[in-house]
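First up is the structure itself, then whatever we jot down about it.
Chain letters run A, B, ... following the sequence lines, proteins first, then strands; residues in each count from 1.
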Amino acid sequence: MSFLEGLNPQQLEAVTLPHQSALILAGAGSGKTRVLTTRIAWLIQTGQISPQGVLAVTFTNKAAREMLLRISAMLPINTRGMWVGTFHGLCNRILRAHYREAGLPQTFQILDSADQLAMVKRIMKSMNVDDEKYPPRQAQYFINDAKEQGLRAPKVEAFDDFSRKLVTVYESYDAQCNREGVVDFAELLLRCFELLSKTEVLREHYRARFKHILVDEFQDTNRLQYFWLKLLAGANNFIFGVGDDDQSIYAFRGARAGNMLDFEKDFHVDKVIKLEQNYRSQGNILDAANALIRHNRARLGKDLWTAQGSGEPLRLFEAMTDLEEASYVLEEVKQLRSEGAPLSEIALLYRSNAQSRVLEHALFNAGISYRVYGGLRFFERLEIKHALAYLRLVANPDDDGALLRVINFPTRGIGNRSIEQLQDVAASRGISLWQAACANTLSGKAGSSIAGFVRLIESMRSACEALPLPEIIDHVVELSGLIAHYQNEREGEDRLENLGELTNAAIAFVSPEGPATQAQEGETQPQEFAALAAFLAHASLEAGEHQAAAGAEALQLMTVHSAKGLEFHAVFITGLEEGLFPHENSISEQDGLEEERRLMYVAVTRARHRLYLTHAQTRMLHGQTRYNIASRFLEEIPEGLIKRVNTTKFSGFVSARGFDRGYEVKSPAIEREVSGWRVGQNVVHAKFGAGVIVSAEGRGADARVQVNFRNSGMKWLALEYAKLAPA
DNA sequence: ATTAGTGGTGTTTTT
DNA sequence: CACCACTAAT
């Protein structure tokens, strides 16, 4: 089998492991995806299983697509019927096939997190819960967390009034979701889990089918996902898990690297195979990554090595401001490009999405094409959300969230008063807003406006029956009045274009390559709007990746999180500052710092040949300038691997060519000065350690400076007494 | 009923 | 700064 050639001994062992469950501890760049896909190809090629008998689970749609691509490169088979997808995608698939047994309408809709938050707010308002005391965001988090533990409201343990209140919110939230026929992300998993738990027939059906279950990024599974896997595997099937505890960066959404240990026990994994040879990065980069991650306590233990040479040192640049940082990055990108590196092989990474703005600005002015991943995605744009809401109403009129979004957009004379009356009717009779609207108990002008809206949706439904999906979308968008509305708006051009794109997305969706043709399990009574529901599900589950048109010759901008699994010739890790990266919120969290460090580890290991580390002394954040000291992670990388590249050209001031924000940027860091100390200056204190001066006041004996210490936080120090030294 | 304007508030990361 | 929620004016 030619596809086995070139595997190293550990990889080969993993790929050809006989029937048993296995855990592959695969470091960054060690050929994890290759092992996983080759394993599948080997199982099929040796006749141990048919393509339909494979279940492969990933966390992103991108990873799933990549996997299918690689499999079809190795085997001359049709991968279309294969079950390769994300947890959410696969659960969606199962629930669509067995919606009845799952207690869902056939056209059930999926709430994205924004929809979910809106729903939580609505529920809390209807329950008269004080949203000052109980922030809706926290309630949302509470609900998701519970679901990710596999717990329904009655099972959640609450030991204080606060939690008890949130439990009641959870309970009514779920009740309302059921009434409306909508599910959130976590619900997809929980509902599917419950379905398989309680329905033996189905459980056995899937168990009999999927003899081999392969799991990518095992360290990112949460409790519920692990239970789900266990349930599906039963006593006789095998799980092949691949993961890297050092790359666990999703604890904030319930990921539990400890699942790997449970897996070892529960599935009697007698041999853990470690893949430690890295084929991606040159030595210095790898050494930096290893040194960094060694600062973490909770590790399974693993050290990467490479047969490549040590390569270049890492380049560290300290900027005065975020603008200067951007201009440095820009210059280096130009340089790399002139050396022949394709732009698509260069990545600009940052901790949080907001940081992309400054970089984008500089790139835009310089005319360098770039692509930003994440941020607001296609299906999350306002005009798209509106169009989708109309479509959701067509598929499932009981969707209150969708109705509320568009009942008065474009405006048609239905104001808050009317909506409140509708809500009262709906609440008192226990019906959906749509049903309340149809009953139309209101009189006068409000009543006729609502009747008009009801007729509008009805006409959409009847016009679209038996139409192919793309035409449904054209129709609905047209009838909704959104087109007319945006034509009259001055900034409407882009929005109109996006609405057009929506149709294209639908065309792509129903085309032979699209997921729509994936064979549906079992009995599918093709009901009128099933295709529409499938498309809407696709929109929720794949919100972002529409714009990820790969291959484009553009610089790649993304958060470190979304860079996981990717690699580039050159990587810039920007904003390496205390408070940003590691993020200040993470410091107080349990194990937060270690997760941040793993994140940094992921960032570092994205680079093949060249790695830039940059930070700025001052940065615009929350609309005000903040002073930051260098990230502790920089100190955790051995000096010998790093070359400082600050040049006179880039010291002191924003470059004269003026990257301004439309207003004058004050010369940084020397605005205020006291007794020879200046704001922005790095200092060392005998007791508090390293820090940066953030403000100063007084003179002579009264002179004081405020210092942000890395480890001790903010302190005011009287210069006359404090033992302060320049850093 | 709608909108413009105001003030207060908060934000990591994402399937 | 940007998004919300609420208020005051059309």
Original post:
If you look at every heavy atom in A/Asn498 and A/Ile384, which pair is closest and at what distance?
Top reply: O-CD1, 3.5 Å
Subject >> Nearest-angstrom distance from the residue atom CG of A/Asn628 to P of B/dT12 >> reply: 16 Å
Subject >> Ring-ring centroid check A/Phe108 A/Tyr99, cutoff 6.0 Å >> reply: no
Subject >> Distance, rounded to the nearest Å, where A/Leu599 contributes CG and B/dT14 contributes P >> reply: 10 Å
Original post:
Which nucleotide in the set B/dT12, B/dT13, B/dT15 lies at the smallest distance from any side-chain heavy atom of A/Glu589?
Top reply: B/dT12
Subject >> Ring geometry between A/Phe379 and A/Phe535 (parallel below 30°, tilted from 30 to 60°, perpendicular above 60°) >> reply: perpendicular
Original post:
Does one side chain, of A/Gln219 or A/Gln247, offer a donor that lies under 3.5 Å from an acceptor on the other?
Top reply: no
**OP:** Give a yes/no verdict on base stacking between B/dT15 and A/Phe59: centres under 5.5 Å, planes within less than 30° of parallel.
**Re:** no
**OP:** Output yes if the stacking criterion (under 5.5 Å between centres, under 30° between planes) is met for A/His561 over the base of B/dT13, else no.
**Re:** no
Original post:
Less than 6.0 Å separating the ring centroids of A/His485 and A/Phe409?
Top reply: yes
Subject >> B/S/- contact track for nucleotides 1-8 of chain B, protein heavy atom under 4.0 Å >> reply: SSS-----
Atom pairs, protein N/O to nucleotides 5-10 of chain C N/O, distance under 3.5 Å:
none

Original post:
For the residue pair A/Phe633 and A/His615, is the inter-centroid distance of their aromatic rings smaller than 6.0 Å?
Top reply: no
Original post:
Do the rings of A/Phe252 and A/Tyr250 sit parallel, tilted or perpendicular, given the 30° and 60° boundaries?
Top reply: tilted
